[in-house]
Amino acid sequence: MTTTNKPLGGKIALVAGATRGAGRAMAVELGAAGATVYVTGRTTRTSVSEVGRATETVEETAELVTEAGGEGIAVPTDHLEPEQVRALLWRVERDHGRLDILVNDLWGGNFLLDFDTRMWDVDLERGLRMLDLGVKSHIITSSIALPLLVREPGGLVVEVTDGTAETNKGFRENFYYDLAKNGPIRMAFTLGEELKTVGCAAVAVTPGFIRSEEMLDIFGLTEDNWRDGIDKQKHWALSESPVYLARGVAALAADPERSRWNGRSLDSGLLAREYGVTDADGSRPDVWGFMLAEQKGGTPAVEDYR
């Protein structure tokens with residue numbers, strides 16, 4: 001392979017939270033672009049996290065990265081444990097002496113959600129656990145990883161969340177979820193202000209209605225027959241596979257002018273349009289654009305947003 005189709009050759013990436021979903025897909029696409037990718041998560045072939053899904057493991061993700069053309073390195077890590085994160089970054093520094101790309105895709109809190117439940121009716125421990133998983137874990141990881149990332153200019157931090165600054169202005173239906181998903185957007189903005197002083201950048205990214213392994217199971221579907229769920233939820237017609245956001249993030253990471261996005265929050269549809277990537281089926285779904293059009297009182301047609 002040449003540097004043309006391996007634009008991230010020689011780059012070192014860490015995808016924190018790469019066991020499944022968008023995290024796994026981003027790790028694989030970064031690997032396909034030539035990067036060495038450290039992949040972390042709490043579910044391994046011998047241990048299952050509180051999410052309770054033994055069907056996806058961090059070791060499997062690393063193998064997929066290598067199969068895609070990169071080098072995948074699995075390091076089981078609980079990112080709420082600073083000593084485990086320090087051991088992870090010590091290993092990256094020992095083996096490579098640098099970190100070029102940090103993807104914070106840590107979450108795993110969907111099972112804690114109580115949508116349509118008022119803040120004072122949500123169990124406090126459940127709510128605080130969501131903030132631990134979706135905010136505190138990101139803070140711990142960035143605090144420990146950034147000293148290595150900023151050693152050389154050009155480093156990139158990618159904060160993964162649900163929604164952009166624009167779409168998240170509205171009510172997100174759960175007090176703790178709202179905070180957990182707006183937190184990474186502000187992290188990207190504030191880190192971007194600090195990172196630009198050393199020639200690095202930070203962005204927040206979001207998928208649309210993602211057909212993760214977990215979401216497909218909720219709908220009782222597979223990636224082969226996902227369209228059978230459209231009658232149950234109209235926005236499902238604009239859903240996307242994890243590959244869609246992952247391709248956009250890999251293209252952004254390889255963009256020599258990526259600093260123009262510094263501090264911003266970007267959705268998968270915008271990245272697809274900007275970098276000319278598509279979902280696995282060749283489409284370019286834009287569920288956020290569709291919902292914004294609905295909120296403005298319009299009657300958008302699904303086919304205009306796929």
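Judged by distance alone, with hydrogens and angles left aside, the side-chain atoms of Thr161 form no donor-acceptor pair with the main-chain N or O of Gly163 at under 3.5 Å. A donor-acceptor contact shorter than 3.5 Å is absent between the side chain of Ser259 and the backbone of Asn262. Side-chain atoms of Asp100 do not come within 3.5 Å of backbone N or O of Gly155 as any donor-acceptor pair. A donor-acceptor pair under 3.5 Å links the side-chain atoms of Arg260 to the main chain of Glu257, judged by distance alone. In this structure a side-chain-to-backbone donor-acceptor pair under 3.5 Å is missing from Arg98 to Leu148. Listed for the Lys181 side chain is no donor-acceptor partner under 3.5 Å among the backbone atoms of Gly134. Of the possible polar contacts, none joining the Ser142 side chain to the Ile139 backbone as a donor-acceptor pair under 3.5 Å is found. Side-chain atoms of Ser47 do not come within 3.5 Å of backbone N or O of Thr44 as any donor-acceptor pair. Not a single donor-acceptor pair under 3.5 Å links the side chain of Asp121 to the backbone N or O of Thr117. Without hydrogens or angle criteria, Thr206 side chain to Asp267 main chain gives no donor-acceptor distance under 3.5 Å.
Salt-bridge formation is not detected for the pair Arg126/Glu50: no Lys NZ or Arg NE/NH1/NH2 atom is positioned less than 4.0 Å from an Asp or Glu carboxylate oxygen. We find that Arg53 and Glu214 are not joined by a salt bridge, their nearest charged nitrogen and carboxylate oxygen being 4.0 Å or further apart. Of the charged side-chain nitrogens involved, none lies within less than 4.0 Å of a carboxylate oxygen, so that Arg42 and Glu81 do not count as a salt-bridged pair. The pair Glu294-Lys234 meets the salt-bridge criterion, since a charged nitrogen lies less than 4.0 angstrom from a carboxylate oxygen. Electrostatic pairing of Arg284 and Glu240 does not count as a salt bridge here, judged by no charged N lying under 4.0 Å from a carboxylate O. A salt bridge links Asp281 with Arg306: the closest approach of a Lys/Arg side-chain nitrogen to an acidic carboxylate oxygen falls below 4.0 angstrom. At a threshold of 4.0 Å, the pair Arg86-Glu83 counts as salt-bridged, since one of the basic side-chain nitrogens sits closer than that to a carboxylate oxygen. No salt bridge links Asp105 with Arg24; every basic N to acidic carboxylate O contact stays at or beyond 4.0 Å.
Contact annotation: the side chain of Val157 approaches that of Leu149 to within less than 4.5 Å [non-hydrogen atoms, C-beta and beyond]. Residues Leu156 and Cys200 are not in side-chain contact: their nearest non-hydrogen atoms beyond the backbone lie 4.5 Å or more apart. Under the 4.5 Å side-chain criterion, counting only non-hydrogen atoms from C-beta, Leu14 is not in contact with Val103. Side-chain contact between Pro184 and Val160 is absent, with no heavy atoms from C-beta onward closer than 4.5 Å. For the pair Phe175 and Arg118, the minimum side-chain heavy-atom distance is 4.5 Å or more. Between Val39 and Ile73, the closest side-chain pair of non-hydrogen atoms is not below 4.5 Å. Looking only at side-chain heavy atoms (C-beta outward), Leu292 and Thr167 come within less than 4.5 Å of each other.
Checked against the 6.0 Å centroid threshold, Tyr38 and His96 count as a close aromatic pair. The six-membered or imidazole ring of Phe209 lies near that of Trp236, with a centre-to-centre distance under 6.0 Å.
Donor-acceptor pairing under 3.5 Å is recorded for the side chains of Asp162 and Tyr177. Side chain to side chain, Asp78 and Gln84 fail the donor-acceptor criterion of an N or O pair below 3.5 Å. A side-chain donor from one of Ser241 and Asp279 sits under 3.5 Å from a side-chain acceptor of the other. Residues Asn225 and Thr222 bring a donor and an acceptor atom of their side chains to less than 3.5 Å of each other.
Qualifying side-chain contact (heavy atoms from CB on, under 4.5 Å) partners for Ser137, counting only residues two or more places apart in sequence or in other chains: His79, Leu80, Leu106. With sequence neighbours left out, the side-chain contact (heavy atoms from CB on, under 4.5 Å) criterion links Glu193 to Phe189, Lys196. Qualifying side-chain contact (heavy atoms from CB on, under 4.5 Å) partners for Thr66, counting only residues two or more places apart in sequence or in other chains: none.
In summary, of the residues considered (Glu60, Glu56, Glu63), a salt bridge (Lys or Arg N to Asp or Glu O under 4.0 Å) with Arg45 occurs for Glu63 alone. Of the options Val205, Val203, Val277, a side-chain contact (heavy atoms from CB on, under 4.5 Å) to Leu271 is made by Val205 and by none of the others.
In the hydrophobic clustering of ILVMFWY residues, with side-chain heavy atoms under 4.5 Å counting as a link, Val28 and Tyr244 come out apart. There is a path of hydrophobic side-chain contacts, each under 4.5 Å, that joins Trp107 to Val122.
Atom CZ of Arg172 is surrounded by more than 12 heavy atoms from other residues, nucleotides or ligands within 6.0 Å.
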